[in-house]
There are 2 protein chains.
Amino acid sequence: MSTLAINPPALGGTRYKEVKSAILAALSAGEWKGGECIPSEKRLAERFGVSIGTLRKAIDELCAENILIRHQGLGTFVSMHQRDRHFFRFFRVVRRDGDKAYPVVTLLDFRKARASREAAAALGVETGARVFQFVNGLALHGKTVLIEHISVPEAHFPGLTEAKLRNRPNTLYNFYQDGFGINVVETDERVSVGLASELESAKLGIALGAPLLEIRRVAYSYHRSAVELRVSRLNTEEYEYIGATSGADEK
Amino acid sequence: MSTLAINPPALGGTRYKEVKSAILAALSAGEWKGGECIPSEKRLAERFGVSIGTLRKAIDELCAENILIRHQGLGTFVSMHQRDRHFFRFFRVVRRDGDKAYPVVTLLDFRKARASREAAAALGVETGARVFQFVNGLALHGKTVLIEHISVPEAHFPGLTEAKLRNRPNTLYNFYQDGFGINVVETDERVSVGLASELESAKLGIALGAPLLEIRRVAYSYHRSAVELRVSRLNTEEYEYIGATSGADEK
DNA sequence: AAGTGGTCTAGACCACTAC
DNA sequence: TAGTGGTCTAGACCACTTA
């Protein structure tokens, strides 16, 4: 954990980008963990050998990416998942009237398996690599409306068991963070129409083959390394998916 | 079009927020139009009576919201729609293999009508207010896969006719900008499963009542004033909707 | 009162674009 | 060469939090 000043100005690009990379590297290395306070701006500026303004610009970008959170008078913190309404950054299902409710999650299945071609491609592992697969049912306002099929690479989640998953106190991404040091900071989602399988028919109380909203999500940690593939199917009779709220950044 | 310095520091909040508001007001008033270059940072800083750094912070936010675009060595410009790949900020349909193609648009219907309750609520007008309603068919790779039902308030689009709409040289939002001074800078979208009407059945070549991805969009101009309601239905056999690419801002 | 982030200044120098 | 935005500095003062 070197605390040396970073490289001279000209090499990697600009000073503040280098500072940003250095902070990201420290986060990846676990120097500061989820929810913790990082050193003050003054201290970090000294550590990296830049002015406060430059240091702030690096942190500005990390805050814009929801990787850090600033609190005036308190300090700058490593972003945690699902705190308060922050939860709805990744949970994008609302009732048609706009009401946002926290889902009640039930683990429906858990198994060790081999990565499908789709899962392997999404997660950046070999086809047939060891993965954990599990299925959640999510209830809103007392009714199950969403089924999630989740795959994660075994290599990133050593010691994961059905019991641990079932007994987690918080949300799944918080569990990833606390239990395995994996911080989900970004997701990509593709949406299409899918059909209800037997499982979904039974759990959602709809006909076999009934149309459902199908959401394929890949979740990423720092430096865009994939950590989870999730295929969700939503009954949109009473609920909707919140799509693009354009105005913020896209690439 | 006053060029006075803005208010003293304490009133509206912070200096740079006031500068930002003042720039937004000038944009709304049409002082600088789509694609035009706004005055240099130095000149604007003098005009508003703030330092360069403060002026830059205001412009930083407007660039982050895709309202302005900076070009080093050239100047700062009012954002235009659908230039190059910028088009795909609002067009969120891709082939399943990820291929992005520009749609070929066909106007299928055009009429004057009264706002439905949904349209009135979305657009912030009275139920029964005069609106234009029109329908587009969008073809990708030679096949029509998306039908758009669009409502816009007559009051904001004086003199709009079917002929003008049909003969527009560019995309719809560019037409709004050039023809009516309306800049779409933000959209909200809700996604669910819908069923094919007769029109969609005929144009998309699918069965009546077949499931389609239904996207309800409200488009906003500066200061979040609603200017368009659009209900789109997509055949997801070969195409998908790009949902949240979380990592950038959400509220 | 001490420490934090939030805002703001008044410049400097650099990289890029146009002429 | 002149003008633009991009980066960076070395502070100042303010607002907020905790004690």
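Chain letters run A, B, ... following the sequence lines, proteins first, then strands; residues in each count from 1.
For B:Glu154, the side-chain contact (heavy atoms from CB on, under 4.5 Å) partners are B:Lys112, B:Arg130, B:Phe132, not counting sequence neighbours. For A:Tyr16, there are no ring-ring contact (aromatic ring centres under 6.0 Å, His included) partners, not counting sequence neighbours. Listed by chain and residue number, A:Leu27, A:Leu62, A:Ile67, A:Tyr222, A:His223 satisfy the side-chain contact (heavy atoms from CB on, under 4.5 Å) test with A:Leu24 (two or more places apart in sequence, or in another chain). Evaluation of the side-chain contact (heavy atoms from CB on, under 4.5 Å) rule for B:Leu165 yields B:Leu107, B:Phe110, B:Phe134, B:Leu160, B:Arg168, B:Leu172, B:Phe175 as partners, not counting sequence neighbours. Residues passing the side-chain hydrogen bond (donor to acceptor under 3.5 Å, both in side chains) test with B:Asn167, sequence neighbours excluded: none. For B:Thr161, the side-chain contact (heavy atoms from CB on, under 4.5 Å) test picks out B:Ala163, B:Lys164, with sequence neighbours left out.
Atom-to-atom, NZ of B:Lys42 to P of C:dT9 comes out at 15 Å; the value is rounded to the nearest Å. With rounding to whole Å, A:Leu68 atom CG is found 13 Å from C:dG5 atom C1'. Following rounding to the nearest Å, B:Leu44 (CG) and D:dG3 (P) show an atom-to-atom distance of 17 Å. The separation between A:Glu41 atom CD and C:dT7 atom C1' is 11 Å, rounded to whole Å. One interatomic measurement links the two molecules: NZ of A:Lys57 to C1' of D:dT9, which rounds to 13 Å at whole-angstrom precision. Residue B:Glu61 contributes atom CD, which lies 13 Å from atom P of C:dG6 at whole-angstrom precision. The distance between atom CD of A:Glu18 and atom C1' of D:dC8, rounded to the nearest whole Å, is 13 Å. What separates NE2 of A:His71 from C1' of D:dA15 is a distance of 16 Å, to the nearest Å.
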Quick test: give all pairs of protein nitrogen or oxygen and nucleotides 11-13 of chain C nitrogen or oxygen below 3.5 Å, distance rounded to 0.1 Å.
none

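In this structure, A:Arg56 does not reach the C:dG5 phosphate: none of its side-chain N or O atoms is under 4.0 Å from OP1 or OP2. Side-chain N/O atoms of B:Arg43 include one lying less than 4.0 angstrom from OP1 or OP2 on D:dT4. An OP1 or OP2 oxygen of D:dT9 is reached within less than 4.0 angstrom by a side-chain nitrogen or oxygen of A:Ser51. Between A:Thr14 and D:dG6, a side-chain N or O to OP1/OP2 separation shorter than 4.0 Å is absent. The shortest distance between the side-chain N/O atoms of A:Arg15 and the OP1/OP2 oxygens of D:dT9 is below 4.0 Å. Under 4.0 angstrom from either OP1 or OP2 of D:dG6 there lies at least one side-chain N or O belonging to B:Arg70. Between A:Ser40 and C:dG3 there is no side-chain N or O to OP1 or OP2 distance below 4.0 Å. Contact annotation: A:Thr54 side-chain N/O to D:dT9 OP1/OP2 distance is under 4.0 Å.
Legend: salt bridge (charged side-chain N to carboxylate O under 4.0 Å, His left out) pairs involving residues 32-45 of chain A, not counting sequence neighbours, sorted by first then second residue: A:Glu41-A:Arg56, A:Glu41-A:Arg70, A:Lys42-A:Glu46.
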Under a 4.0 Å heavy-atom criterion, the protein footprint on nucleotides 14-19 of chain C, written with B, S and -, is -BBSS-
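For the pair A:Leu55 and B:Ile38, nearest-nucleotide mapping onto DNA chain D gives the more 5' position to B:Ile38.
Side-chain atoms of B:Val185 and B:Asn66, non-hydrogen and from C-beta on, never get closer than 4.5 Å to each other.
A salt bridge is absent between B:Arg230 and B:Glu189: the closest approach of a Lys/Arg side-chain nitrogen to an acidic carboxylate oxygen does not fall below 4.0 angstrom. With salt bridges taken as basic N to acidic carboxylate O contacts below 4.0 Å, one links B:Glu61 and B:Lys17.
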